[in-house]
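Structure provided below as structure tokens; questions to follow.
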Amino acid sequence: MSVYEKIKEIEAEMARTQKNKATSFHLGTLKAKLAKLRRELLTPSGGGGGGGGVGFDVAKTGVARVGFVGFPSVGKSTLLTKLTGVYSEAASYEFTTLTTVPGVVMYKGAKIQMLDLPGIIEGAKDGKGRGRQVIAVARTCSLIFIVLDVLKSLHHKKIIERELEGFGIRLNKQPPAIIFKKKEKGGINMTASVSMTYLDLDSVKAILSEYRIHNADISFKCDATADDLIDIIEGNRMYIPAVYVLNKIDQISIEELDIIYRIPHSIPISAHHGWNFDDLLEKMWEYLDLVRIYTKPKGQLPDYTQPVVMRRGACTVEDFCNSIHKSILKEFKNALVWGSSVKHNPQKVGKEHTLADEDVVQIVKKT
């Protein structure tokens, strides 16, 4: 029996099984088996097959990468052409784009790479079409634009979410607060700082035994599900923010537009007419969570034309110095900072200080 057939068999069994306390043990085991089979399907053993595919691997440029994912003929190519000025072939028939087409947009002083990925089809996560290569590129993105056609069923949104989830991409989620540590002996030791409604010790042991793990310390700091636990054990999940880009709003009524505005994480646009691009780019900036830091040479005015753009989670003075040049830290004495991250303007800070958006920094070197 092929891996694909085994996956279908387990999915059918899960669909037949009622969800309740008595079946949670059995369902947890099935989910673990399914996750292992998916990993086998997506990373086939044996040196040959699969590969990246011609035109799929694109060199990374800029401070962030945004991938356009969607079904064929929803307007991804038109959107890339309008935003970046790079020509990506667009036509009224499906599968016009057969390789990854890169472009770059400059926004708030940041250089952001945009990738027009070929259209995916249902079953991409199981290796249908070029889905495996397309979603493999999507895993390398800082943000995913899921481009949808408002004239078509919103069921397409669910299908794309399911395809990406099946490939280990978690959209608009944070990693679950679970600490998992294997050990040599001592069995399974489970602790929880919150009340657990989905998992108990028996179901945790069932999932771990499927991975042949019989000795481990596991601490839950959230009310985790079996899927959360499997994600932590697998260790290869990507937590990526996503924006649902609802295209072709020029062909619907105002009343319909009011309804689609209520969809979470979404921006309605018209790629053909260039409508609502300002909101789209602002949403992109918000979800990428970037900060701009301006440099100030001694005795001169700050340079507001070329900010140093960094991720919010890694924007200490030390990160700032390293992003300019690694040799700066060797001569670093302290830094003078103007902006919202300090109480006084300027304030003398050390390299551990965390910077905020639009701070101005002057590095003071050792004499």
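Being a predicted model, the structure only gives us computed values, none of them experimental. We count residues from 1, following the sequence as given.
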Exercise. Hey, is CG on D278 packed in by over 12 heavy atoms from elsewhere, all under 6.0 Å?
Worked result: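 No, not enclosed.
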
For this session: Looking only at non-hydrogen atoms, find the nearest pair between A138 and I240 and report the distance.
Result: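 Residues A138 and I240, closest heavy atoms: O-CD1, 3.6 Å.
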
Exercise. Within a radius of less than 6.0 Å around NE2 of H272, do more than 12 heavy atoms belonging to other residues, nucleotides or ligands occur?
Worked result: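 Check fails, neighbour count at 12 or below.
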
Exercise. With a cut-off of 6.0 Å (strictly less than), are more than 12 heavy atoms of other residues, nucleotides or ligands near NZ of K33?
Worked result: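 Count not over threshold, so no.
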
Exercise. Got a donor-acceptor contact below 3.5 angstrom from the R139 side chain to the F167 backbone?
Worked result: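 Here the side-chain-to-backbone pair exists.
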
Exercise. Quick one: do K76 and D116 make a salt bridge, cutoff under 4.0 Å?
Worked result: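 No salt bridge links K76 with D116.
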
Exercise. Who pairs with F145 by ring-ring contact (aromatic ring centres under 6.0 Å, His included), at least two apart in sequence or on another chain?
Worked result: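 For F145 the ring-ring contact (aromatic ring centres under 6.0 Å, His included) partners, ignoring immediate neighbours, are F68.
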
For this session: Using a strict cut-off of less than 4.0 Å between a Lys/Arg side-chain nitrogen and an Asp/Glu carboxylate oxygen, indicate whether R162 and E165 qualify as a salt bridge.
Result: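 Between E165 and R162 there is no salt bridge, as every charged N stays at least 4.0 Å from the carboxylate O atoms.
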
Problem set entry | Nearest-0.5 Å distance, CE of residue M238 to OG of residue S142 |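 So the gap between those two atoms works out to 9.0 Å.
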
Exercise. Got a sec: does the NZ of K60 have more than 12 other heavy atoms crowding it under 6.0 Å?
Worked result: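 Yes.
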
Exercise. Quick one: CZ on R170 to OH on Y239, what's the gap to the nearest 0.5 Å?
Worked result: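 Answer for the CZ-OH pair, R170 versus Y239, is 6.5 Å.
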
For this session: Apply salt bridge (charged side-chain N to carboxylate O under 4.0 Å, His left out) to K108 and list each qualifying residue two or more places apart in sequence or on a separate chain.
Result: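 With neighbours one apart ignored, the set is E282.
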
For this session: Starting from the C-alpha separation in whole Å, work towards a yes-or-no answer on side chain to side chain donor-acceptor pair (under 3.5 Å) for H353 and Q347.
Result: CA-CA 11 Å; H353 177 76; Q347 186 170 319; 5.8 Å; no

Problem set entry | Atom pair CD (E318) and OG (S323), whose distance is rounded to the nearest 0.5 Å |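 Output value for this atom pair is 11.0 Å.
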
Exercise. For D227, which residues count as a salt bridge (charged side-chain N to carboxylate O under 4.0 Å, His left out) partner, sequence neighbours excluded?
Worked result: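 For D227, the residues satisfying salt bridge (charged side-chain N to carboxylate O under 4.0 Å, His left out) (neighbours in sequence not counted) are K31.
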
For this session: Using a cut-off of 6.0 Å, state whether more than 12 heavy atoms not belonging to K183 lie near its atom NZ.
Result: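 Atom NZ in K183 is packed in, count exceeds 12.
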
Exercise. Take atom CD in E9; do more than 12 heavy atoms of anything else shown fall under 6.0 Å from it?
Worked result: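 Count not over threshold, so no.
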
Problem set entry | Co-members of the apolar cluster containing I254 [side chain, <4.5 Å] |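 None; I254 is a cluster of one.
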
For this session: Could you work out the complete set of other residues in the hydrophobic cluster of V308, with links drawn between I, L, V, M, F, W and Y side chains under 4.5 Å apart?
Result: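 In the cluster with V308 are V291, I293, M310, V317, F320, I324, I328, L329, F332, V337, V342, V349, L355, V361, I363.
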
For this session: Not counting sequence neighbours, list each pair that qualifies as a ring-ring contact (aromatic ring centres under 6.0 Å, His included) and has a residue in residues 293-317.
Result: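 Matches after skipping sequence neighbours: Y294-Y304.
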
Problem set entry | Salt bridge present between E331 and K366 (N-O < 4.0 angstrom) |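 Result for this pair is no, no salt bridge flagged.
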
Exercise. Do N189 side-chain atoms and D217 backbone N/O form a donor-acceptor pair below 3.5 Å?
Worked result: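 Absent.
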
Exercise. Is it the case that more than 12 heavy atoms not belonging to Y261 sit under 6.0 Å from its OH atom?
Worked result: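 Result for OH/Y261: enclosed.
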
Problem set entry | From W275 atom CH2 to D250 atom CG, the distance as rounded to the nearest 0.5 Å |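 With rounding to 0.5 Å, CH2 (W275) is 5.0 Å from CG (D250).
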
For this session: Drop me the distance from I249's CD1 to I252's CD1, to the nearest 0.5 angstrom.
Result: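 Answer rounded to 0.5 Å: 6.5 Å.
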
For this session: Drop me the distance from L164's CG to I144's CD1, to the nearest 0.5 angstrom.
Result: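 Taking CG in L164 and CD1 in I144, the distance rounds to 5.5 Å.
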
